[in-house]
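Below are the structure tokens for one structure; questions will follow.
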Protein chains: 2
Amino acid sequence: MMELTRKGEYAIRGIIYLAQQPPGRVSLISEIAAASDVPQTFLAKIFQSFAKLGLVTSSRGTGGGFVLARPASAITLREVVEAVEGPILPNRCLIGNSCDRGGPCLVHGVWRTVQTEVVNILDGVTIETLARTRES
Amino acid sequence: MMELTRKGEYAIRGIIYLAQQPPGRVSLISEIAAASDVPQTFLAKIFQSFAKLGLVTSSRGTGGGFVLARPASAITLREVVEAVEGPILPNRCLIGNSCDRGGPCLVHGVWRTVQTEVVNILDGVTIETLARTRES
DNA sequence: CACCTTTAGGACCAAATTTATCCCTTTTAT
DNA sequence: ATAAAAGGGATAAATTTGGTCCTAAAGGTG
């Protein structure tokens, strides 16, 4: 359970690739897709999300492509994951605290703890850190 | 992301109901389903899994039904969740450490941390605790 | 034994989600 | 103009989710 989907994996691979380019260097979606080993059209959708959320800057036409909108050290893994997978919510009842069935559910507190922990971990990892990691 | 499915929710509701019964009291699947507000045939499958894993004891025929196989204090939320949702694996690459694409993936360590944290949280909560919780 | 009750297990199915692909539009540089 | 790129919508196959249904097996009871 709790699995990241392909979309999430692709998103991470793609943005790490961008972070590994020389600062300011514009990358084509075709280039990122090839390097990250991700279907190009699918990755294009992912980067559209990134652009809408302000994680990357896109430009069209000749010489266009994608660049990080902020330093990689200012983009967290949480932002990247949530950009394509939505908010980290281990249980539906955490949305608006609506557990239904009369009264809050008994596991509410546990899931809130899980959510907080996972968010903290992912917030503590930047794309810069990942881009520099050699292994592990 | 990371959402528990209905199956997981139903599993938790069902086993908490069992834990709230007087010790040794046998419950019918129809009774548990009605009380937990879960489709009966679906819950039956869930309790089959519980029985196979030794979380509950089942008996057939007149007077049959389900009882906890151990004290509720000795059944963790993790066991219940994993019984129906499979192991807690935030990323596929944690299965056998096979990240593919030549070399371990850069996020491997992060996902392992997430996995460990979540497992620890869920291992720290017993069904007895949940059964006694009034709210939150 | 015959019959009823209850779980076990397999087959099946509809809906939702995932994992894409395709095509046309818009923007921009030359 | 034209070519190069991303933007955005429609579509679709595959997989997963969320069930249902039917028959079998096991265990009591008269």
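Below, chain A is the first sequence line, B the second, and so on; all start at residue 1.
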Separation of dT7(C) C1' from Gln40(B) CD (nearest whole Å):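 Those two atoms, CD and C1', are 11 Å apart.
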
Using OP1 and OP2 only, check whether a side-chain N or O of Ser58(A) sits under 4.0 Å from dG7(D). yes

Length of the line joining Glu31(A):CD and dA4(D):C1', which is rounded to integer Å: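 My rounded result for the distance is 15 Å.
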
Run through Phe47(B), Tyr17(B), Phe42(B), Phe50(B) and flag the one making a ring pair (Phe, Tyr, Trp, His ring centres under 6.0 Å) with Tyr10(B). Phe42(B)

Treating primed atoms plus P, OP1 and OP2 as sugar-phosphate and everything else as base, which nucleotides of nucleotides 10-19 of chain D get B, S or - for protein heavy atoms under 4.0 Å? --------SS

Just the rounded figure in Å: distance from C1' of dT21(C) to CG of Leu43(A).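 After rounding, the reported distance stands at 14 Å.
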
So Phe47(A), base contact, sugar-phosphate only, or nothing? Heavy-atom distance under 4.0 Å. nothing

Nearest whole Å is fine: how far is dA16(C) C1' from Glu3(B) CD?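 So the two atoms are 13 Å apart, to the nearest Å.
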
Classify the side-chain pair Thr113(B)/Thr116(B) by whether it contains a donor and acceptor separated by less than 3.5 Å. no

Starting the side chain at C-beta, find the nucleotide from dC4(C), dT27(C), dT7(C) nearest to Leu28(B).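 My answer, after comparing the listed nucleotides, is dT7(C).
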
Taking CZ from Arg60(A) and P from dT30(C), how many angstroms apart are they, rounded to a whole number?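 To the nearest whole Å, that distance equals 17 Å.
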
If we ignore hydrogens and angles and just use 3.5 Å, is the side chain of Gln20(A) paired with the main-chain N or O of Ala131(A) as donor and acceptor? yes

Could you tell me the separation between the CD1 atom of Ile46(A) and the P atom of dT21(C), rounded to a whole number of Å?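 Going from Ile46(A) (CD1) to dT21(C) (P), I get 11 Å.
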
N/O donor-acceptor pair under 3.5 Å between Thr129(A) side chain and Val125(A) backbone: no

Arg13(A) side-chain N/O to Ser36(A) backbone N/O, donor-acceptor pair under 3.5 Å: yes

Examine dA6(D): is either OP1 or OP2 under 4.0 Å from a nitrogen or oxygen in the side chain of Gln48(A)? Give yes or no. no

Rounded off to whole Å, could you give me the CZ-to-C1' distance for the Phe50(B) and dG9(C) pair?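 So the CZ-C1' distance, Phe50(B) to dG9(C), works out to 18 Å.
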
How is Ser59(A) classified with respect to the nucleic acid when contacts are heavy atoms under 4.0 Å: base, sugar-phosphate, or nothing?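 If one applies the 4.0 Å heavy-atom cut-off, Ser59(A) turns out to touch the sugar-phosphate alone, with no base involved.
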
So, Glu82(B) side chain and Ile88(B) main chain: donor-acceptor pair closer than 3.5 Å or not? yes

Between Arg25(B) and Glu31(B), does any side-chain N to carboxylate O distance fall below 4.0 Å?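 Salt bridge between Arg25(B) and Glu31(B), a charged N being under 4.0 Å from a carboxylate O: yes.
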
Taking atom P of dA4(D) as reference, at what distance in whole Å does atom CD1 of Ile29(A) sit? 18 Å

5' precedence on DNA chain D between Ala44(A) and Thr62(B) (nearest-nucleotide basis): Ala44(A)

